[in-house]
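Written below as structure tokens is the structure these notes are about.
Here is how names work: the chains are called A, B, and so on, in the same order as the sequence lines, proteins then strands, and each is numbered from 1.
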Amino acid sequence: MADDGHMPEGHTLYALARDLDTAFRGTSPVVSSPQGKFAEGAALVSGTEVLEATSWGKHLLVEFAGDRILWVHLGLIGTFTIDTTSYAGEMPVVGQVRCRFATDDHVADLRGPMVCDVVTPEKVDEILGRLGPDPLRPHDVRSDPDLAWKRIQRSSKPIAELLMDQAVLAGVGNVYRSEVLFRLRVNPFRPGDKLQRKTWRAIWEDLVALLPLGVATSKIVTVHEQVDEVARLLEEGEEVRLTERESYVYKRQGEACHVCGSRIRTQVVAGRNLFWCGNCQRRG
DNA sequence: GTTTAATGGGTAT
DNA sequence: TACCCCTTAAACT
């Protein structure tokens, strides 16, 4: 797995669900908890058929036969790696593996999740009901950006905080929020109820365009040159390989803004480090 | 060897 | 606002 495996924003979960679905759909893996903390849940689904693996925002759902769904949230530090191997039964356990799926040819190991539970379909409805639209599924009925706008419009919280609220929209995390606000030159501290609707629509459209590039590259691609390059390669059906991840503002505090040269600033907003250019993002 | 930071989020105060 | 959980690896001493 690429070193950006630790990137649990929506694009990571989307790609993970896709890969788990490819590796395990239609199989009945042995599910275990080498670490022990998930032993009971693992026993509930072990040996039953995987019907589908999907995601919504940062939530991963693996549906097993018998109305049992494995609900996983990676949190800040979780990882779920998939290995293809001919000796799956003998794959050594490395580190704290909360949950392992094993078939004859695949092993998937989950480490450090915030949530790992077996739940009912009703619980899944409740989980999904709490989440806002997901820009990775713009055509889904749940993904009407006006649902997010309604919440934004009636909140006096800064837009940088609202973008992190999964009830407003699902899947955006600390990197995408800083980067998308810079890309649109939006002041991160502008209250939701002072934001223009067209500004919100532009943020949404930008996320709809950006997140698939993250899925394709396993990296958060936001800088225009890279965005153009990756979009072109995807369109041409060519393999996309990126070695360096660049950003406009994320983790660039004290460095010169790529556009105006001002020093990039940082401040904790919604419990996490926000990065922005105080000059480029004065208005908006 | 110990401390810290990391792209999250729930709960208590 | 503070504190808690999850795990790993890099950055400290």
Side-chain angles (χ1 to χ4, degrees), chain A residues 1-16 33-39 41-42 55-61 70-81 93-100 108-117 119 123 126-132 134-136 157-158 160-183 188 207 210-215 217-223 226 242 244-254 264 266-276:
Chain A
M1 166 171 287
D3 55 26
D4 283 27
H6 290 268
M7 287 188 153
E9 298 195 28
H11 67 299
T12 306
L13 276 297
Y14 187 96
L16 174 57
S33 180
Q35 176 202 51
K37 289 187 182 178
F38 182 58
S55 69
W56 190 273
K58 299 170 187 172
H59 295 254
L60 172 69
L61 301 163
L70 177 67
W71 171 36
V72 172
H73 193 299
L74 294 178
L76 181 59
I77 61 175
T79 59
F80 206 157
T81 57
V93 173
V94 177
Q96 297 289 312
V97 176
R98 180 79 56 87
C99 177
R100 164 173 283 192
D109 283 339
L110 172 66
R111 296 180 179 82
M114 189 176 71
V115 174
C116 175
D117 272 325
V119 297
K123 178 69 177 179
E126 182 196 321
I127 294 160
L128 297 182
R130 291 196 298 253
L131 298 173
D134 182 342
L136 272 170
K157 290 179 182 171
E161 186 170 337
L162 290 166
L163 289 182
M164 293 283 278
D165 183 344
Q166 302 299 297
V168 172
L169 81 166
V172 167
N174 200 29
V175 179
Y176 277 119
R177 76 151 168 185
S178 287
E179 292 290 294
V180 78
L181 289 173
F182 178 87
R183 281 171 57 86
L207 291 168
L210 287 179
L211 282 160
L213 307 184
V215 173
T217 61
S218 296
K219 290 182 168 50
I220 296 178
V221 180
T222 60
V223 175
Q226 285 197 332
L242 278 186
E244 285 291 304
R245 173 163 51 89
E246 297 172 22
S247 66
Y248 283 116
V249 292
Y250 179 72
K251 274 201 171 168
R252 295 195 64 245
Q253 71 274 23
I264 300 301
T266 185
Q267 181 182 318
V268 173
V269 174
R272 319 207 47 86
N273 294 316
L274 169 76
F275 303 86
W276 82 105

Using the [atom1] atom as the point on both nucleotides, what is the distance between [M] and [N], in whole Å?
N	M	atom1	result
C/dC6	B/dG1	P	24 Å
B/dG9	C/dA9	P	23 Å
C/dT13	B/dA5	P	13 Å
C/dA11	B/dT7	P	15 Å

Whole-Å distance between [N] [atom2] and [X] [atom1]?
X	N	atom1	atom2	value
A/Y248	B/dT7	OH	C1'	19 Å
A/M164	B/dA6	CE	P	12 Å
A/L211	B/dT7	CG	P	17 Å
A/R130	B/dT11	CZ	P	9 Å
A/I127	B/dG10	CD1	C1'	14 Å
A/W56	B/dG8	CH2	P	19 Å
A/K58	B/dG8	NZ	C1'	6 Å
A/I77	C/dA9	CD1	C1'	12 Å

The side chain of [X] lies closest to which of these nucleotides: [options]?
X	options	answer
A/H73	C/dC6, B/dG8, B/dT7	B/dG8
A/Q166	B/dG9, C/dT7, B/dT7	B/dG9
A/N174	B/dT7, C/dT8, C/dC6	B/dT7

Given A/V175, which partner from the list A/K219, A/E9, A/R272 fulfils the side-chain contact (heavy atoms from CB on, under 4.5 Å) test?
A/E9
Is any side-chain heavy atom of A/S247 less than 4.5 Å from a side-chain heavy atom of A/R252?
yes
Are A/E126 and A/R130 ion-paired here, with the side-chain N under 4.0 Å from a carboxylate O?
yes
Do A/Q253 and A/T266 get their side chains close enough for a donor-acceptor pair, meaning under 3.5 Å?
no
Ignoring backbone atoms, test whether [X] places a side-chain nitrogen or oxygen under 4.0 Å from the OP1 or OP2 oxygen of [N].
X	N	value
A/Q35	C/dT7	yes
A/R272	B/dT7	yes
A/N273	B/dA5	no
A/R111	C/dC6	no

When all nucleic acid strands are considered with a 4.0 Å heavy-atom cut-off, which category describes [X]: base, sugar-phosphate, or nothing?
X	result
A/Y176	nothing
A/G95	sugar-phosphate
A/R98	sugar-phosphate
A/D165	nothing
A/E179	nothing

Does the plane of the ring in A/H59 sit parallel, tilted or perpendicular to the ring in A/W71? Use 30° and 60° as the thresholds.
parallel
Closest approach of A/A170 and A/G132, non-hydrogen atoms and distance?
CB-O, 3.4 Å
